[in-house]
Amino acid sequence: SQQGEEDPQALSIQEGENATMNCSYKTSINNLQWYRQNSGRGLVHLILIRSNEREKHSGRLRVTLDTSKKSSSLLITASRAADTASYFCATAPVGGGGNKLTFGTGTQLKVEL
Amino acid sequence: DGGITQSPKYLFRKEGQNVTLSCEQNLNHDAMYWYRQDPGQGLRLIYYSQIVNDFQKGDIAEGYSVSREKKESFPLTVTSAQKNPTAFYLCASSIVAGFKGYGYTFGSGTRLTVV
């Protein structure tokens with residue numbers, strides 16, 4: 001089952017602009033994670049935010065979590081062409097069995113020169 | 001360097017054949033996972049294992065089988081019972097640490113095509 005839904009499905013911006021993508025989920029979670037996937041490759045872990053955290057930063061990435069709205073956002077600042085990829089949120093549901101993750105459907109980001 | 005190795009990168013299967021996808025990790029992770037990704041879609045969980053000699057079905061286990069005889073290895077067999085096996089298969093591993101959670105490390109994937 002798909003727990004998370006990313007919005008928008010696709011996003012096209014110019015280099016240097018900020019990119020924001022959102023994730024909504026349905027059940028209570030222990031943590032939420034964001035991953036990047038370049039075309040035809042495996043996923044790369046970007047950042048993890050726990051259910052008792054509201055905001056987290058890592059380099060040009062900023063993630064927020066609102067457990068009351070069951071939503072998260074990923075902000076990439078000062079985007080670069082190399083940021084072109086698909087971005088997925090993944091949730092670890094409470095009682096979901098260890099670290100089992102459920103992935104969303106992804107946002108395709110294109111950063112143009 | 002530590003990581004996950006999936007092989008082969010491309011695999012072609014004839015109708016009625018079973019095929020096995022390899023996944024090996026040297027990260028000393030306890031948990032391993034298999035996901036399937038269809039074009040333009042998210043990942044769906046096939047099977048996962050949190051300890052040697054134990055594994056659980058995910059959301060779409062029908063037509064697949066796995067084994068976990070060694071900590072480092074978690075092969076996936078796509079059987080002839082899987083009606084639509086053409087997809088991109090991803091293996092991942094992680095530390096198991098209760099509710100705290102840790103990120104997954106993914107392999108580079110195997111693209112399976114039925115011919």
Side-chain angles (χ1 to χ4, degrees), chain A residues 1-10 21 23-26 28-53 56 58 61 63 65 85-108, chain B residues 2-7 9-10 21 23 25 27 29-51 54-61 87-113:
Chain A
S1 59
Q2 298 284 321
Q3 156 88 307
E5 293 285 338
E6 282 92 337
D7 170 57
Q9 286 189 312
M21 49 205 89
C23 170
S24 60
Y25 57 91
K26 298 173 184 172
S28 296
I29 60 171
N30 286 322
N31 66 78
L32 184 144
Q33 305 179 28
W34 285 90
Y35 288 79
R36 184 186 75 232
Q37 183 182 35
N38 290 90
S39 182
R41 308 294 298 274
L43 279 70
V44 174
H45 179 254
L46 296 175
I47 197 164
L48 180 154
I49 186 166
R50 297 198 167 91
S51 59
N52 61 349
E53 298 174 313
K56 206 159 183 181
S58 176
L61 306 180
V63 169
L65 179 64
S86 292
Y87 291 82
F88 293 90
C89 69
T91 51
V94 170
N99 197 31
K100 188 178 69 168
L101 293 178
T102 301
F103 285 80
T105 51
T107 292
Q108 281 188 299
Chain B
I4 295 186
T5 301
Q6 288 189 243
S7 63
K9 189 168 183 177
Y10 298 96
L21 284 59
C23 179
Q25 55 101 357
L27 299 164
H29 286 170
D30 286 309
M32 297 186 75
Y33 314 83
W34 275 106
Y35 285 87
R36 168 182 172 141
Q37 185 178 32
D38 293 284
Q41 301 294 313
L43 279 66
R44 291 184 290 167
L45 182 63
I46 305 172
Y47 270 99
Y48 65 104
S49 166
Q50 296 191 73
I51 195 168
D54 189 43
F55 48 82
Q56 286 78 41
K57 293 181 179 180
D59 299 317
I60 56 164
F88 190 48
Y89 291 86
L90 288 158
C91 179
S93 71
S94 76
I95 296 169
V96 177
F99 71 91
K100 283 180 65 177
Y102 286 87
Y104 286 8
T105 300
F106 277 86
S108 55
T110 293
R111 190 167 300 279
L112 173 62
T113 303

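Convention: sequence-line order gives letters A, B, ...; per-chain numbering from 1.
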Query raised in the report: Is it the backbone or the side chain of Y104(B) that comes under 4.5 Å from a heavy atom of chain A, or both, or neither?
Result: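 Contact with chain A: backbone and side chain both.
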**Report entry** Which portion of Q6(B) sits near chain A, non-hydrogen atoms under 4.5 angstrom
**Finding:** neither
Query raised in the report: Where do L45(B) and K100(A) land on the side chain to side chain contact (heavy atoms under 4.5 Å, CB included) test, with the steps shown first?
Result: CA-CA 9 Å; L45(B) 182 63; K100(A) 188 178 69 168; 3.3 Å; yes
Report task. Might you work through the side chain to side chain contact (heavy atoms under 4.5 Å, CB included) test for R41(A) and F88(B), ending with a clear yes or no? Result -> CA-CA 9 Å; R41(A) 308 294 298 274; F88(B) 190 48; over 6 Å; no
Interatomic spacing from [atom1] in [X] to [atom2] in [Y] - rounded to 0.5 Å:
X	Y	atom1	atom2	result
F103(A)	R44(B)	CZ	CZ	14.0 Å
L101(A)	L43(B)	CG	CG	10.0 Å
Q41(B)	S86(A)	CD	OG	11.5 Å
Y35(B)	L43(A)	OH	CG	10.0 Å

Query raised in the report: Looking at residues at least two apart in the chain, or sitting in another chain, which of them share a salt bridge (charged side-chain N to carboxylate O under 4.0 Å, His left out) with R36(B)?
Result: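 R36(B) satisfies salt bridge (charged side-chain N to carboxylate O under 4.0 Å, His left out) with D38(B) only.
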Query raised in the report: At a heavy-atom separation under 4.5 Å, does Q37(A) approach chain B through its side chain, its backbone, both, or neither?
Result: side chain
Query raised in the report: Is it the side chain or the backbone of I47(A) that comes within 4.5 Å of chain B heavy atoms, both, or neither?
Result: neither
Query - Test item: Y102(B) and Q33(A) side chains (from C-beta on) under 4.5 Å apart, heavy atoms - result: no
Requested in this report: Kindly check if the number of other-residue, nucleotide or ligand heavy atoms within 6.0 Å of CD (Q9(A)) is above 12?
Outcome: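 No, the 6.0 Å shell around CD holds no more than 12 heavy atoms from other groups.
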